[in-house]
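Worksheet: the structure to be examined is printed underneath.
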Amino acid sequence: MPRLAQAVVLAAWGGLFWTLLATGRSSLYLSPRTAWVVPVGALLCSAAALARFATARAPRPERLPRREAWALVAVALPAVLVLALPPQTLSSYAASRRASFVRTGFSASPGEIASGTLTLLDVAAAQTSPEGERALASRAGETASFVGFVDRRPGTPADEFLLTRFVVTCCVADATIVQVRVVDVPPGRFAPDDWVRVTGRIYPLGREVILDASRIEPVEPPDRPYLTP
Amino acid sequence: MAVEVAPAPQAPPRTARGRGALALLALAAAVLGLRLIDPARTPWVANLLVVFGGLLIEAVPFVLLGALASAAIEVFVPSALLSRLGTLPPPLQLPAAALAGLAFPVCECGSVPVARRMATKGLSPAAAVTFMLAAPILNPVVLASTFVAYRGRDVLWTMVLGRAGLGLAVAVAVGWVVGAAAPTELLRPVPEGPRPLALGPPEPRWSRFAGHLAGDFVFMARFLVLGAAVAAVVQTFVPQDVVGKVADAPVVNLLAMMGLAGILSLCSESDAFVAASFVRFGPAAQLAFLVFGPMVDMKLGALYVGTYRRGFTRLVVLVAAAVTLVGTLWLEVFVG
């Protein structure tokens with residue numbers, strides 16, 4: 001029985017990894033850079049579970065102490081929780097806990113920022129160096145289009161919001177945020193955590209980037225809610 | 001030669017089946033309750049579950065890899081081989097153990113079961129602890145990710161070489177303080193899988209391998225779950241801005257970044273990207289984050305408490321903090 005219980009716990013984790021792989025839900029927890037752990041976890045957990053099932057018949061009777069039984073439940077529970085609960089992503093609540101002194105920890109060359117289609121990753125990269133800031137500033141007045149969710153802080157005027165995306169390098173625990181201040185927003189139309197596409201002219205002012213909205217449209221949350229450098 | 005006699009059978013299958021059924025029932029009740037309540041509608045609960053799930057999904061395969069290596073050491077590596085490493089000249093033993101991390105691309109969660117197994121199989125506990133602390137920093141994947149995170153910055157080589165050098169120094173210092181402690185003085189006794197209730201023929205090798213693999217995984221994973229839960233709670237409720245207020249305060253900024261590394265509990269293969277994002281902190285404070293974090297954090301603390309005897313975690317925290325502080329202070333004075 002103890003061997004069977006261990007096999008069941010390993011199978012629960014294997015099941016979780018296979019489900020994440022099949023449904024693409026791993027993008028809610030991991031960046032594409034670390035998504036390889038999901039198939040590895042699926043194979044390893046399944047192989048370990050099968051090996052334990054194959055050796056489950058003990059040559060002599062064994063007992064499962066109560067403490068061990070509850071420890072097995074504690075190990076299996078997170079896998080069951082992730083499988084059972086509806087998919088969740090980091091939201092404006094998480095953004096409010098992130099430090100204002102943190103910038104996304106990657107850089108792009110000023111040349112990359114100064115040319116091509118402007119993305120939120122360019123905005124994030126520009127904030128890490130004075131050269132990046134200058135490169136972004138050179139694009140003031142250009143039209144840009146960004147997808148993100150709505151975030152509001154205490155004191156945010158009714159006709160503004162912060163268009164926000166999380167940048168995840170490995171897993172959601174290391175998420176940092178990139179934000180642009182959207183102005184000229186119809187008051188009362190958009191609530192926190194609504195996903196929108198905002199098109200308008202950008203005006204970088206130091207580390208703050210203002211997007212003067214000419215069009216705001218609600219969109220479905222993307223399959224990959226986090227950006228990856 | 002004394003023969004160890006195991007206790008006689010005590011009608012266990014029925015009890016075990018009962019407990020197994022109870023455990024499954026508890027899981028089913030928890031799932032049903034959660035589906036009905038759907039607590040994730042509350043923002044802080046959703047945040048907590050996402051961070052908790054993310055930490056575990058990333059760490060569990062590494063713990064299983066560590067358990068795999070640990071089981072292989074137990075079943076296939078003769079004790080004499082690891083004991084023979086103890087015959088190296090003392091000044092070489094600890095640095096050699098630390099540099100062995102170069103050959104083990106495991107993160108911090110995987111190195112704990114491997115070190116525990118090596119200590120029980122005859123390697124000196126000091127060398128095993130040195131390996132455990134150095135491997136998550138000195139392994140090639142981690143050094144490469146540090147290089148990528150700081151590529152294009154003036155402090156690139158300061159960060160890559162500083163991380164490797166200071167990580168090596170801290171690991172050797174902790175190993176030196178552990179000194180000549182015997183495995184029984186350092187390690188907590190661990191139930192080695194299911195307990196036999198009667199004598200019988202020895203199990204085949206592959207069956208023992210499967211047993212150690214499953215046993216080590218389940219043993220380590222319970223502490224990982226606990227540590228990930230604590231880290232998720234702290235990330236959910238403690239705003240990071242409290243750390244930013246001390247960015248310009250000498251010494252305190254280093255301690256703050258070490259504390260933040262302990263709270264965030266990041267994988268050492270990704271933490272360089274996060275360290276590089278702390279733009280208001282200088283390279284010394286970022287280095288403190290990169291060296292201290294892979295040795296001391298919430299999930300590791302739980303793993304240490306489960307693996308080692310009382311006092312070991314305190315020893316690691318104090319020595320690692322002291323050596324990291326001295327090393328990064330030196331850097332702060334000369335580099336900024």
Side-chain angles (χ1 to χ4, degrees), chain A residues 1-3 5-6 9-10 13 20 29-30 34 37 40-41 44-45 48 51-52 55 58-64 66 68-69 71-78 80-82 84-86 88-91 93-94 97-107 128 169-174 176, chain B residues 9 12-13 15-17 19-20 23 26-27 30-31 34-35 40 43-44 46-47 49-51 53-58 60-61 64 149 152 194-198 200-201 203 207 210-211 213-214 218 221-222 225 235 239-241 243-244 247 264 266-267 269-270 273-274 276-280:
Chain A
M1 186 67 193
R3 296 172 182 228
Q6 288 178 337
V9 170
L10 282 162
W13 276 98
L20 292 176
Y29 301 96
L30 303 174
T34 38
V37 302
V40 168
L44 280 178
C45 288
R52 206 49 182 146
T55 56
R60 41 197 186 275
E62 293 171 347
R63 67 191 173 90
L64 181 64
R66 183 176 301 171
E68 275 303 297
L72 287 166
V73 172
V75 175
L77 189 60
V80 177
L81 269 181
V82 175
L85 287 173
Q88 298 292 329
T89 61
L90 294 178
S91 63
Y93 176 86
R97 318 308 285 175
R98 292 295 184 272
S100 57
F101 62 89
V102 171
R103 299 288 179 263
T104 47
F106 71 99
S107 52
T128 59
T169 307
C170 272
C171 82
V172 286
D174 68 41
T176 52
Chain B
T15 315
R17 267 191 213 114
R19 283 187 189 140
L27 272 180
V31 170
L34 286 166
R35 289 296 290 194
W44 68 262
N47 187 72
L49 289 174
V50 171
V51 176
L55 282 168
L56 286 176
I57 288 166
E58 193 186 22
V60 160
L64 199 53
R195 300 173 194 175
L197 294 176
E203 283 193 79
S207 175
L213 169 60
V218 169
R222 73 188 70 173
V225 168
Q235 277 216 25
Q240 293 177 359
D241 267 335
V243 179
L264 292 180
L266 303 176
C267 178
E269 286 165 9
S270 69
F273 296 95
V274 180
S277 71
F278 296 123
V279 290
R280 263 185 59 191

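Small disclaimer: the values here were computed from a predicted structure and weren't measured. Proteins come first, then strands; the chains are lettered A, B, ... in the order of their sequence lines, and each starts at number 1.
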Handout entry: Any side-chain heavy-atom pair of A:Trp13 and A:Val75 under 4.5 Å
Key = yes

Problem - Proximity breakdown for B:Ile57 and chain A, heavy-atom pairs closer than 4.5 Å - result: both

Practice task
Tell me, for A:Leu30 versus chain B, whether the close heavy atoms (under 4.5 Å) come from the side chain, the backbone, both or neither.
Solution key: side chain

Completion exercise
Residues at least two apart in sequence or cross-chain that pass side chain to side chain donor-acceptor pair (under 3.5 Å) with A:Thr89, listed by chain then number, are none

Handout entry: Which portion of B:Val218 sits near chain A, non-hydrogen atoms under 4.5 angstrom
Key = both

Problem - Flag side-chain contact, heavy atom, 4.5 Å: A:Leu10 against B:Leu64 - result: yes

Handout entry: Close side-chain approach of B:Gln235 to B:Val51, heavy-atom, < 4.5 Å
Key = yes

Completion exercise
Max heavy-atom pairs within cutoff under 4.5 Å with chain B, candidates A:Pro78, A:Ala76, A:Ser91, goes to A:Pro78

Handout entry: Results of side chain to side chain donor-acceptor pair (under 3.5 Å) for B:Ser207 - residues two or more places apart only
Key = B:Glu203

Completion exercise
Highest number of heavy-atom pairs under 4.5 Å with chain B among A:Gly41, A:Ala74, A:Ala84, A:Ala51 belongs to A:Ala84

Practice task
Select, from A:Val9, A:Leu90, A:Val82, the one with the greatest count of heavy-atom pairs under 4.5 Å involving chain B.
Solution key: A:Leu90

Handout entry: Per-residue contact mode, A:Leu81 against chain B (heavy atom under 4.5 angstrom)
Key = side chain

Problem - Contacting region of A:Ala48 [heavy-atom separation from chain B under 4.5 Å] - result: both

Handout entry: B:Arg222 side chain reached by A:Glu68 side chain, heavy atoms, under 4.5 Å
Key = yes

Practice task
Can you tell which part of B:Val60 gets under 4.5 Å to a heavy atom of chain A, answering side chain, backbone, both or neither?
Solution key: side chain

Practice task
State the CG-CG distance between A:Leu77 and A:Leu72, to the nearest 0.5 angstrom.
Solution key: 12.5 Å

